[in-house]
S.K.: 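Before I ask anything, here is the structure I am working with.
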Amino acid sequence: MNSDFTSIFWDCYIAIITVVSVIGCAVFLWSQSKTRVKVGAQADPDTTGHVWDGDLQEFHNPLPRWWMWLFYITVVFAVIYLILFPGLGTQFKGLLNWSSSGQHAAEVKAAQAQFGPILAQYQQTPIDQLIGQTRALQMGERIFLNNCAQCHGSDARGARGFPSLADAEWQWGSTPEAIQASVVAGRRAAMPPMAAAVGGADDVLDVAHYVLSLSNSAHDSVRAARGQGRFAACAACHGADGKGNPALGAPDLTNKIWVYGGSVAAIAETITQGRAGVMPAFKGILTDAEIHLASAYVYGLTHRPAAAPAAAPASK
């Protein structure tokens with residue numbers, strides 16, 4: 001898509017404003033530095049015309065010389081900076097040819113050279129074995145905090161609309177492969193509005209009470225009985241028993257774990273309006289090794305490393 005802000009006009013506009021501002025500051029300083037403070041017993045100093053308490057006047061004297069020289073130094077610094085760095089639009093890169101993207105690429109390259117061998121070593125270790133290695137989990141946790149905590153929380157327990165990664169509910173499966181696939185390609189959990197499929201608004205409430213009954217949550221048993229038949233419209237994804245389908249990302253409705261809330265009102269809202277949960281793909285954002293470590297950290301939140309086999313008793 002074209003934009004007016006990609007035109008060469010804006011480069012010229014920025015350059016002109018910058019140069020005029022620097023030159024204007026220099027000229028103003030030069031004009032002010034020619035003013036001298038009047039000295040001597042007969043001197044009548046200039047004042048601003050402001051008077052306080054009858055005889056307290058404000059003199060109109062120039063800046064101290066040391067202060068003036070500090071301003072001159074800032075002007076010289078600005079000129080040197082604009083020569084060395086890109087401060088005059090995109091057409092002039094500066095003599096040092098510096099750019100923030102170039103600096104970032106250099107820092108990434110240096111980090112990969114320093115940590116690449118360590119990450120590569122961990123990448124060769126299966127995820128279910130990494131959860132027994134403290135250092136690997138610490139690295140995975142830092143990757144998680146920098147990239148995933150914005151949605152799932154620093155404790156990985158999620159929030160409304162963002163699933164907890166520290167409980168027993170896994171919409172897409174809890175195997176290392178399923179977790180890593182979620183991180184690599186992202187997920188789209190889409191539930192369509194189902195109000196028309198189950199009937200009217202009153203039928204939606206009946207289904208909501210039936211859904212609550214699946215997890216033995218507080219519900220109206222009469223409404224739940226009426227909603228059981230209507231739930232057939234939902235069984236295609238959640239299953240006739242409401243235990244969900246990881247292949248579709250349909251959550252289990254029998255475990256009292258709710259991403260959008262477990263009240264009658266919240267469930268009725270979900271049935272009426274549907275839900276659209278999106279997790280972005282991190283392939284291309286994180287390296288394969290970083291994805292491997294982050295997946296190991298998430299897997300380790302609900303899985304414990306296998307206990308080491310007990311040593312055989314020493315023979316007597």
Side-chain angles (χ1 to χ4, degrees), residues 144 147-175 178-282 295 298-299 301-302:
F144 176 88
N147 297 274
C148 314
Q150 294 85 345
C151 295
H152 294 286
S154 59
D155 59 357
R157 295 190 178 279
R160 177 178 167 83
F162 301 98
S164 171
L165 305 178
D167 57 29
E169 171 63 23
W170 294 90
Q171 288 183 236
W172 307 94
S174 62
T175 64
I179 294 173
Q180 192 160 1
S182 296
V183 180
V184 170
R187 297 293 188 184
R188 289 185 174 272
M191 172 177 167
M194 298 295 293
V198 301
D202 201 51
D203 297 315
V204 167
L205 291 176
D206 290 343
V207 173
H209 280 278
Y210 175 70
V211 169
L212 286 172
S213 73
L214 293 174
S215 58
N216 293 321
S217 301
H219 63 280
D220 184 322
S221 58
V222 175
R223 279 187 172 277
R226 292 202 303 258
Q228 183 173 7
R230 301 284 183 179
F231 183 79
C234 312
C237 294
H238 293 283
D241 55 2
K243 290 188 175 296
N245 186 345
L248 301 175
D252 186 347
L253 304 178
T254 67
N255 55 16
K256 296 186 179 181
I257 298 174
W258 309 96
V259 176
Y260 295 97
S263 66
V264 172
I267 296 174
E269 179 184 352
T270 299
I271 298 171
T272 303
Q273 300 181 4
R275 300 294 185 184
V278 178
M279 173 180 168
F282 282 89
S295 301
V298 172
Y299 181 76
L301 292 173
T302 53

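If you're wondering where the values come from, they're calculated on a predicted model, not measured in any experiment.
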S.K.: According to side-chain hydrogen bond (donor to acceptor under 3.5 Å, both in side chains), does anything in residues 197-206 pair up with another residue at least two apart or in another chain? List the pairs.
M.R.: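 Sorted pair list: Asp202-Arg223, Asp206-Arg223, Asp206-Arg226.
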S.K.: Using 0.5 Å steps for rounding, measure from the CG atom of Asp167 to the CD1 atom of Ile257.
M.R.: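 That separation rounds to 4.0 Å.
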S.K.: Keeping the roles fixed (side chain from His209, backbone from Ser221), state whether a donor-acceptor pair exists under 3.5 Å.
M.R.: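 No, the answer is negative, given that no donor and acceptor are paired below the 3.5 Å cut-off.
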S.K.: Considering non-hydrogen atoms only, spot the tightest contact between Ala208 and Ala268 and give its length.
M.R.: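 In this case the closest contact between Ala208 and Ala268 is CB-N, 4.1 Å.
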S.K.: How would you list, by chain and number, every residue that makes a side-chain contact (heavy atoms from CB on, under 4.5 Å) with Ala178, sequence neighbours excluded?
M.R.: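 Ala178 satisfies side-chain contact (heavy atoms from CB on, under 4.5 Å) with Thr175 only.
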S.K.: What is the minimum heavy-atom distance between Ala181 and Arg187, and which atoms define it?
M.R.: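 Taking every non-hydrogen atom into account, CB-NH2, 3.8 Å.
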S.K.: State which residues pass side-chain contact (heavy atoms from CB on, under 4.5 Å) with Gln228; sequence neighbours excluded, sorted by chain then number.
M.R.: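 Listed in chain order: Tyr210.
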S.K.: Show the nearest heavy-atom pair for residues Gly261 and Arg160, with the distance to one decimal.
M.R.: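 Taking Gly261 first and Arg160 second, the nearest heavy atoms are N-NH1, 4.0 Å.
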S.K.: Could I get the full list of side-chain contact (heavy atoms from CB on, under 4.5 Å) partners for Ala232, not counting sequence neighbours?
M.R.: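 In terms of side-chain contact (heavy atoms from CB on, under 4.5 Å), with neighbours along the sequence ignored, Ala232 is linked to no residue.
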S.K.: Any idea which heavy atoms bring Asp220 and Val222 closest together, and the distance?
M.R.: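 That would be OD1-N, 2.9 Å.
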S.K.: Enter the distance from Ile267:CD1 to His219:NE2 here, rounded to the nearest 0.5 Å.
M.R.: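 Here the interatomic distance stands at 11.5 Å.
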S.K.: Looking at Gln171 and Ala189, what are the two nearest heavy atoms and their distance?
M.R.: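 Distance-wise, the nearest heavy atoms are NE2-CB, 3.9 Å.
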S.K.: Is any side-chain heavy atom of Leu301 less than 4.5 Å from a side-chain heavy atom of Phe144?
M.R.: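 Answer no - side chains too far apart.
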S.K.: For Val207, is there any backbone N or O sitting under 3.5 Å from a side-chain donor or acceptor partner on Arg230?
M.R.: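 Looks like no, no N/O pair under 3.5 Å.
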S.K.: Would you say CZ of Arg188 has more than 12 non-hydrogen atoms from neighbouring residues, nucleotides or ligands within 6.0 angstrom?
M.R.: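 Counting neighbours around CZ of Arg188, 12 or fewer heavy atoms of other residues, nucleotides or ligands fall under 6.0 Å, so no.
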S.K.: Please output the side-chain donor-acceptor pairs of residues 237-249 that fall under 3.5 Å, not counting sequence neighbours, one pair per line with the distance.
M.R.:
| unit_1 | atom_1 | unit_2 | atom_2 | d |
| --- | --- | --- | --- | --- |
| His238 | ND1 | Pro251 | O | 3.1 |
| Asp241 | OD1 | Lys243 | N | 3.2 |
| Asn245 | OD1 | Ala247 | N | 3.0 |

S.K.: If the condition is side chain to side chain donor-acceptor pair (under 3.5 Å), which residues does Thr272 pass it with, not counting sequence neighbours?
M.R.: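 For Thr272 there are no side chain to side chain donor-acceptor pair (under 3.5 Å) partners, ignoring immediate neighbours.
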S.K.: How long is the gap from CG on Asn255 to CG on Leu214, to the nearest 0.5 Å?
M.R.: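 Spacing of CG (Asn255) from CG (Leu214) equals 10.5 Å.
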S.K.: What heavy-atom pair brings Asn147 and Phe282 nearest, and what distance separates the two atoms?
M.R.: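 The pair with the smallest heavy-atom distance is O-CZ, 3.5 Å.
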S.K.: Measure the OG-CH2 distance between Ser217 and Trp258 for me, rounded to the nearest 0.5 Å.
M.R.: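 Result: 6.0 Å between the selected atoms.
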